Structure formats: C-alpha cells, structure tokens
Amino acid sequence: MSSFPDARLRRFRRTGGLRGLVRETHLSLDQFVMPLFVAPEALHDEALPAMSRLTVDGTVHEVEELVRVGVRAVILFGIPEDKDEEATGAWEDDGIVQRALRALRPAFPDLVLMTDVCLCEYTSHGHCGVVVDGEIHNDRSLELIARTAVSHVEAGADVVAPSDMMDGRVGAIRDALDDRGFESIPILAYAAKYASAFYGPFREAAGSAPSFGDRRSYQMDPANVREALRECELDLEEGADALMIKPALPYLDVIRAARQAFDVPIAAYNVSGEYAMVRAAARGGWLDEQQAALESLTAIRRAGADLILSYWTKDLASWL
Ligand code: PBG
C-alpha cells in the first residue's frame, strides 16, 4: 500500500456523494424495532416521548402512524391493571399485551409484532421470575414464562423475545410453542442481557423496578464477555433463532464477539438509558439529538448488529 503523499484518504471525503460511495454501514428502517408500552391508562412522557404509556386504542393509533411513516416492526411491553406473585397479567388470555395484539393483528397484517416475554412488569415484587424464600426460583419461573409466550402467539405475535434471563427459558418456550403447533414462530432470545444501570427510564415507564434486591442473580455481570458467548451458545442449543445483546452502546465489543462467533441474526437493544442520556444532553443544548442518535445507531450496526430495538425508530423515519 502507498502512503502519504500518494495516499490521501481525504480524497473520498471531499463531497457528500463521494462519502456515500464508500460508506460501509447503512441504516434502514427495515432493521429497526420500535418499543411500545401498553397500559390501562395513557401517560405522556414529555422528556422521553418514546417512553409514554399508551392505552390499547392509543397503541392502535400510534401504530397507524408508525406504519404510515414506514416502521416495519414493534415490540410490545405491558403494564397490567394488577400485579401478583404469579404474574397473572403476563399470561392471562385477556392480559393487556394480549388485548393489544388482538387489536393490532387484523389491522396491520404486514407489521412484525414482537413481544417482550418477562414477568417483571406483572409480579408484585417486580422480579423477572417467581420468588421462593427470597430468591428468584429458576425452574418454577419457566412454566409461567412459557405460558406467557404461548398466550402472546395465540393473540397474534410474530416473534417472542424472552428477557427474563432464567436458565432454560428458551427451551421451555420452544417446547410449549411446538406443543401447540406454533413451530414456525421464531424466538429472539435476549441472550446476553446485562444487569445494567441503563434500564432506569424503562423501569419507570413499565413500573417494573424490583421492590427488593436487584437483578444481579439472573442478569449478567457487566464485566464478562466469555460468559455472554456461553449464554448465546446455550440459547442456540435450546432453539433460539436470533440472539440479542443488551444494552448496546456500552457493549459493542459483545455485539462484535457474538457476530464473529455465530451466524444467526444478532439484535442489539439500544436501551432507555442510552436514549435518555442523549435526550437530556440535547435538552441542555450540549449536543444535537439527531446527529448523536444517528451516530450511535450506526456504531451499533458497525459493531455487527443486524437489527436494533430503539426508541428512535419513529424519529428515524423522518431522519433517513
Ligand atoms: C424486562 C425488560 C427490561 C428491559 C427490557 N425488558 C428491564 C429490566 O430488565 O429491568 C429494559 C429496556 C430498556 O431499558 O429500554 N425484563
């Protein structure tokens, strides 16, 4: 290879057209999933509009708009009327997510309807599994998690995404789906989900902060990457169709490692705290939201993510 002055990398940076020709990473709405929070009562969030709660009707209206601007996929989270020890609201036939799915499915046949499968929004204690003697009981949680996934699919979900981090949940969900003839429904496993401080705004929106302790006995230690690959491998063995890394920006190395180790689709969740940091800085006048968001999302794609769950998905429609 030649070097300066023969080589001048600025030559291809001179105009927008030239830069476009050599751009290695692209953002397309095809690869984005918009999270939505369905609740019995609407609650608008001024500072973080994408974290607003919507009623079932409000969700239908919002999705109408999303589809109109070109969004292709949404992931639903539910805030139930009541919470209990068994997370009844997560798996009952007329739960809030199930009702939203039944309203959306016939109205938007081409939209990808994803659901987050977890118990934390629905348990009285806010943990992602069943509590026995003060601990999150792994195996007793599996049945409820699998039941939740089945009820979502029965109501019209295209993809289920378990985010609880119990061991064996992917296998339990796969078996339960297959038993009911849902062998064609893919599982997007939150495979490497870290015990992160960046979920703060989500827990506020979803009302899912744990009432005691924290999630470190089931979500991953932020210090580990080899363990993340083991999580990915185990989820694939259990039948996961795609893997998710979460959060995204502080874990770009994990996204890259998973990309290199596995040939399945890799998703990344650009979480609520990542969105909130940029929004807050933009409100303070310290950075430009659109530029910072586009740069963040491009970096996540460059690290190796095929698809991204992002609160900027709706904004992207006008930015791209
Ligand atoms: C449910 C769940 C959480 C998020 C997605 N699914 C919260 C948590 O684990 O505490 C976080 C998403 C975000 O912060 O945007 N377990």
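One-based numbering, in listed order, for ligands and for the atoms of each. The analysis underlying the following values was restricted to heavy atoms, covering all of them including side chains, and did not include hydrogens, waters or symmetry mates. These figures come from a predicted structure and were not determined experimentally.
Under the rule for a side chain to side chain donor-acceptor pair (under 3.5 Å), the partners of Gln98 that lie at least two apart in sequence or sit in another chain are Ser151. Evaluation of the side chain to side chain donor-acceptor pair (under 3.5 Å) rule for Ser124 yields Glu85 as partners, not counting sequence neighbours.
Heavy-atom minimum distance, Leu249 versus Ile300: CD2-CG1, 3.9 Å. Between Thr298 and Thr25, the closest heavy-atom pair is O-CG2, 3.8 Å.
Using a 4.0 Å cutoff on heavy atoms, Met165 does not count as a contact of ligand 1. Within the 4.0 Å heavy-atom shell around ligand 1 one does not find Tyr275. Every heavy atom of Glu274 sits 4.0 Å or more from the atoms of ligand 1.
Heavy-atom contacts from other residues, nucleotides or ligands closer than 6.0 Å to CG of Asp94 number more than 12.
A cation-pi arrangement is absent between Lys193 and Tyr269, since the terminal nitrogen or guanidinium carbon is not both under 6.0 Å from the aromatic centre and inside a 45° cone about the axis.
To the nearest 0.5 angstrom, Leu48 atom CG is 8.5 Å from Ser272 atom OG. Taking CZ from Arg105 and CG from Leu113, the interatomic distance works out to 4.0 Å, rounded to the nearest 0.5 Å.
No N or O atom of Glu121 sits closer than 3.5 Å to an N or O atom of ligand 1. Of the N or O atoms in Ser208, none lie within a sub-3.5 Å distance of an N or O in ligand 1.
Among all protein heavy atoms, the one lying closest to atom 15 (O) of ligand 1 is Tyr311 OH, 2.6 Å. Among protein heavy atoms, atom 14 (O) of ligand 1 sits closest to Ser272 OG, 2.7 Å. Closest protein heavy atom to atom 10 (O) of ligand 1: Arg203 NE, 2.6 Å. Looking only at protein heavy atoms, the nearest one to atom 9 (O) of ligand 1 is Lys193 NZ, 2.7 Å. For atom 4 (C) of ligand 1, the nearest protein heavy atom (residue, atom name, distance) is Lys246 NZ, 2.6 Å.
In Asp116, the part holding a heavy atom less than 4.0 Å from any atom of ligand 1 is the side chain. Counting heavy atoms closer than 4.0 Å to ligand 1, residue Cys120 contributes side-chain atoms (C-beta onward) but none from N, CA, C or O. In Cys128, the part holding a heavy atom less than 4.0 Å from any atom of ligand 1 is the side chain.
Under the side chain to side chain donor-acceptor pair (under 3.5 Å) test applied with Tyr190, the options Asp235, Asp164, Asp116 reduce to a single match, Asp116.
Applying the 4.0 Å criterion to heavy atoms of Cys118 picks out, from ligand 1, the atoms 1 (C), 16 (N). Close approach of ligand 1 to Tyr269 (heavy-atom distance below 4.0 Å) involves ligand atoms 12 (C), 15 (O). For ligand 1, the atoms closer than 4.0 angstrom to any heavy atom of Phe77 are 5 (C), 6 (N).
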Q: In sequence, state the C-alpha distance, the side-chain angles, and the governing distance for Trp312 and Glu289, and then conclude on side-chain hydrogen bond (donor to acceptor under 3.5 Å, both in side chains).
A: CA-CA 10 Å; Trp312 280 299; Glu289 181 185 11; 2.8 Å; yes

